[in-house]
Each structure stands twice: as structure tokens, then as C-alpha cells.
Amino acid sequence: VTKIGVLTSGGDAPGMNAAIRAVARTGIYYGLEVYGIMRGYSGMIDDDIFHMSTRSVANIIQRGGTILKTARSKEFREYEGRQKAYENLKKRGIDGLVVIGGDGSFRGAQKFSTEFDIPCIGLPGTIDKDIAGTDFTIGFDTAVNTAVEAIDKIRDTADAHDRLFVVEVMGRDAGYIALHSGLATGAECVLIPETRTNIEDLIQQLTEKEKRKKLVNLVVVAEGDELGGGNEVGRILKERLPNMDIRVSILGHIQRGGSPTCLDRILSSRMGYHAVESLMTGRHNVMVGIIDDKMHYVPLDTAVKEKQSFTSDWLKIIKILAS
Ligand code: F6P
């Protein structure tokens, strides 16, 4: 490759800027021309593409969001959209692409690079950690730390009022943010989409603790839980446990913002470097993942098809530690 493009697509995640910086600076270091593509695949279709210098990525390693902005492009799902995008790359001679995003973005990249002759390298950028072939995704650690900080604050007021809080965290169809933040904040229970939710068990657990006057402050619910998230769980618990003072708190998009943690900055920087190296050594249509601190190259279709393996004993640990 001689000229590469970089874009961010799908939901933003803290650390995306650090990844963009790493791609741009590594590419330029090795003598490649690097182009920034605005708003994900939309910018590729609308020809919103600019030449990057090392200065274009100055002072961004610590910033949340993405300087390239992001979008979920409907047009790119159609062949005509992808063809338009290809022509815009072609006229500049861009012959390699780094896509920083989640599973939807990888599906797009996979399709695009099989139809047209542009090798694509994916970097897993999502707070949800719902991508197979990597221990971490860019933004997950920051999102979890933000959730933990927020839940600690909720615990203060919960404790002061002897209240039970049902806190909903993000994660789409995955429960990793809930599992990690719940274990780290000493939640009574964590409800996640990966396992069946037995609300009767939870009600029994809470009733038993109420009897022995053990104060229970916190239930963490993943938004994708089968019962329908925090509001629904809160509604059921209020109805079934009328003696308890229960509140619901939905953390929402604060989990997507903020300055990336050290772990996310390092992850993004290493992955960005290896994305460029991958393009230079002729890899194509793979995602750069990290397993046991080593880089792994996973075919894009495997990364989106397979689920992350799930650490099932965490729920048991959470229950025992809350007893
Ligand atoms: O994929 C990241 C994520 O924040 C999910 O956790 C959440 O379900 C979704 O994006 C929210 O999307 P939007 O910002 O489009 O409402």
C-alpha cells in the first residue's frame, strides 16, 4: 500500500482519537500518505476526505469522541453507495483502509473489500466489548470506569436513604459493562443478556435480606437484559416489594464520553500501529485483536459472527460477595 484512509464508524468510544493518531503517525513514519475520512462510510460516499499530517492528530490522545466524527450510514448498505465510496478512494489512489468501529462497521468493511480491491483492517472500537477475538475493545475500560464512578455516587445517596437502586448500564446485547461495573461496585445482583434472568430468585434474595435487616443498595441491569432493562426491573421490584424504597437510574450516554483511561490509550495506540503494519505486510480483511497481551489477527467475518467467550463464574462471585 502507498496511501491509506482511516475512519471511525458506529457508536463512538473513548480511545478512538488515540487510535486515529496512532494510524496517522505510524503511516506517515513509514512513508505512506494518510487520509482522514469524515463521518465513517458517509464521508467516503460524500467525498469528505482530507489529507492528514502528523499535526492533524496533535493534542487528541486524551480526548473522548472522535475528531473524524462518526455515523451509521444507510447508503453504504446498498451496492451503489459502496461503489460511490470506492470511486472516491480510487481517484486519490487510496489503496488500504483502517476501519475503527464495532460489528456493524466490520460487516460493511467485509462486504466492501470483497467487492472492491481495497484491503481493510478493522480495529475493535466499541464500549460494549461484544466482538470475538480480542480481550478488550477500544473504549470498554473507560466506559466501565465511568459507570463505576457514577454507581459509587449513587451508592452514597442510596445508603443515606436506605434505598435500593436499580442502575441500568449500556452494552446493547452484551452484559460486559454490567458484569464488570457490578462486580467492581459490590452490587447485590447483576442482570445480563447472556444468562436467563430469574426475577423470582432476586425477589427471594432481597426479601430474605430485608428480613435480616441487611441493607441492599444496588442491582445493576444491562440494557439488553431479557426483562427489558432498568425501568422494567424497577417496576417489577416496586410492585413485588412494596416495603422497599426503590429508585431507578439509567446511566445512558455518559458512558460513551470522557477522556480515555490509560488502558484504552495504550490499547488504541498499539492497535493503530499494528493496523498500519498489517496493511504494509499484505494482510487484508482482518481485525487487530489483543489476547493475553499479544496481537492477534482475526478474519472480519469471524469477529462479527462469533461471540466473546463468557466468564460465567462472575455472577456466582457477585452473589457470594454480596451475602
Ligand atoms: O454500541 C454502543 C452503544 O452505546 C450501546 O451500548 C447502546 O445500546 C447504543 O450504542 C446506543 O446507541 P445510540 O447512541 O445510537 O443511541
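Note that ligands are numbered from 1 as they come in the structure, with each ligand's atoms numbered from 1 the same way.
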Any side-chain heavy-atom pair of R163 and N217 under 4.5 Å: no

Can you pull out every salt bridge (Lys or Arg N to Asp or Glu O under 4.0 Å) where at least one residue sits in residues 289-306? Sequence neighbours excluded, please. R270-D293

Quiz question: by atom type and distance under 3.5 Å, do the side chains of D264 and T142 form a donor-acceptor pair? yes

When R63, Q62, R265 are each screened for side-chain hydrogen bond (donor to acceptor under 3.5 Å, both in side chains) with S259, the one that passes is R265

For H296, all residues meeting ring pair (Phe, Tyr, Trp, His ring centres under 6.0 Å), sequence neighbours excluded: none

Contact residues of ligand 1 with a heavy-atom cut-off of under 4.0 Å? R72, I127, D128, M170, G171, R172, E223, H253, R256

Where at least one partner belongs to residues 80-98, residue pairs that pass salt bridge (Lys or Arg N to Asp or Glu O under 4.0 Å), sequence neighbours excluded: D47-K91, D47-R92, E75-K84, R82-E115

